[in-house]
Engineer: 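Structure incoming, see below.
Please read these numbers as outputs of a predicted model, since none were measured by experiment.
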Amino acid sequence: MNFAVAATTFALVFPAELPDKTALASLLLGSKYRAGYVFTGVAAAFAVHVLLALIAGSLLTLLPHRVLSIIVAVLFGLGAVVLIRGRKDADEAVKEDQETPPTFLRVAVTSFVVIFIAEFGDLTQILIVNLAAKYHDPLAVGVGSWLALIGVAALALAGGRGLLRLIPARTITLIGAAAMAVLAVINLINAIRG
């Protein structure tokens with residue numbers, strides 16, 4: 001494993017994940033449940049997504065640039081939709097869990113599912129795909145990416161309750177969805193231009 005590649009990957013993925021919908025989902029879940037329970041589910045979901053991104057990265061190197069840009073635009077567009085829908089799904093899951101005492105397994109599984117759904121088409125997942133395609137070192141890219149993702153999740157869980165007192169969750173969600181939509185349009189324009 002190339003530690004420089006892992007460090008570079010961490011340095012790129014960490015700041016990209018900070019304003020992300022999955023960080024928001026972690027923050028929201030952490031504001032309702034025990035942080036350790038949520039972190040377990042979130043870390044497992046990120047591990048699965050990093051693995052999928054590494055596999056996709058090796059496959060995407062085979063595609064022409066225009067086709068790749070179209071795929072990325074569609075994924076960003078879907079990411080915007082999933083961000084808004086994921087917020088509703090997370091709220092519904094939280095309401096269900098409030099009816100019965102939240103056990104470790106229930107909270108971890110809820111956290112896994114919310115993050116797993118929200119991460120598809122995600123900016124950081126696409127970034128990891130690109131890094132895997134660029135560096136051809138899946139172990140280094142995987143380790144750096146996963147550490148960055150769980151680092152942001154840990155920050156979100158630690159500050160979840162305080163941040164939600166300052167900024168409404170709906171506002172954060174709408175800003176994130178708008179950013180994803182803009183990125184979809186930019187990639188679509190790049191695909192059209194070639």
Side-chain angles (χ1 to χ4, degrees), residues 1 5-30 33 35-61 63 68 71-90 93 105 107-157 160 172-173 176-177 179-180 183-184 187:
M1 178 173 86
V5 170
T8 299
T9 300
F10 181 92
L12 292 170
V13 172
F14 189 88
E17 183 66 15
L18 283 172
D20 194 71
K21 66 186 176 292
T22 50
L24 172 65
S26 298
L27 184 143
L28 293 173
L29 289 165
Y33 302 116
Y37 293 7
V38 173
F39 185 77
T40 301
V42 169
F46 280 140
V48 171
H49 274 291
V50 167
L51 180 61
L52 292 173
L54 295 173
I55 293 168
S58 62
L59 296 175
L60 285 180
T61 59
L63 294 175
L68 180 59
I71 290 171
V72 170
V74 168
L75 290 175
F76 274 125
L78 289 173
V81 171
V82 168
L83 177 57
I84 291 172
R85 291 185 57 87
R87 167 86 173 108
K88 290 176 187 173
D89 292 343
L105 184 60
V107 173
V109 169
T110 298
S111 301
F112 178 91
V113 170
V114 169
I115 297 302
F116 188 80
I117 291 169
E119 188 69 12
F120 274 105
D122 188 73
L123 171 65
T124 52
Q125 189 175 37
I126 293 166
L127 177 59
I128 296 165
V129 168
N130 291 334
L131 292 169
K134 178 179 180 175
Y135 288 117
H136 305 285
D137 189 347
L139 181 60
V141 171
V143 168
S145 299
W146 187 69
L147 290 174
L149 293 169
I150 65 170
V152 170
L155 284 175
L157 289 169
I172 296 170
T173 301
M180 295 294 276
L183 290 170
N187 278 284

Engineer: What pairs with Ile150 under side-chain contact (heavy atoms from CB on, under 4.5 Å), at least two apart in sequence or on another chain?
Structural biologist: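 Ile150 satisfies side-chain contact (heavy atoms from CB on, under 4.5 Å) with Phe39, Ala43, Phe46, Trp146, Leu147 once adjacent residues are dropped.
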Engineer: Restricting to non-hydrogen atoms, name the atom on Thr9 and the atom on Ser145 that form the minimum distance, rounded to 0.1 Å.
Structural biologist: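 Answer, listing the atom of Thr9 first, then Ser145: CG2-OG, 3.0 Å.
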Engineer: Quick one: side-chain contact (heavy atoms from CB on, under 4.5 Å) partners of Phe112, sequence neighbours excluded?
Structural biologist: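 Phe112 satisfies side-chain contact (heavy atoms from CB on, under 4.5 Å) with Ala44, Ala45, Val48, Phe116 only.
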Engineer: Where do Leu12 and Pro15 come nearest, in terms of heavy atoms and distance?
Structural biologist: O-CD, 3.6 Å
Engineer: Hey, what do you get for CG (Leu131) to NE2 (His136), rounding to the nearest 0.5 Å?
Structural biologist: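 These two atoms lie 11.5 Å from each other.
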Engineer: Name all residues meeting the side-chain contact (heavy atoms from CB on, under 4.5 Å) criterion together with Leu139; count only those two or more places apart in sequence or in a different chain, and write none if there are none.
Structural biologist: Met1, Asp137, Val143
Engineer: Closest heavy-atom contact between Ala153 and Val42?
Structural biologist: CB-CG1, 3.6 Å
Engineer: Work out which heavy atom in Ser26 is nearest to a heavy atom in Ile115; give both atom names and the distance.
Structural biologist: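 Closest approach of Ser26 to Ile115, heavy atoms only: OG-CD1, 3.8 Å.
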Engineer: Can you sort out the partners of Ser111 under side-chain hydrogen bond (donor to acceptor under 3.5 Å, both in side chains), two or more places apart, ordered by chain and number?
Structural biologist: none
Engineer: What pair of heavy atoms forms the shortest contact from Leu157 to Ala35, and how long is it?
Structural biologist: CD1-O, 3.7 Å
Engineer: Quick one: are Val152 and Thr124 in side-chain contact, heavy atoms under 4.5 Å?
Structural biologist: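 In short, these two side chains do not touch, never coming nearer than 4.5 Å.
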Engineer: Residues in side-chain hydrogen bond (donor to acceptor under 3.5 Å, both in side chains) with Tyr37, at least two apart?
Structural biologist: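 Only Arg34 meet the side-chain hydrogen bond (donor to acceptor under 3.5 Å, both in side chains) criterion with Tyr37.
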Engineer: Taking the side chain as every heavy atom from C-beta outward, state whether His49 and Ile128 have any pair of such atoms under 4.5 Å apart.
Structural biologist: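 No, every pair of side-chain atoms sits at 4.5 Å or beyond.
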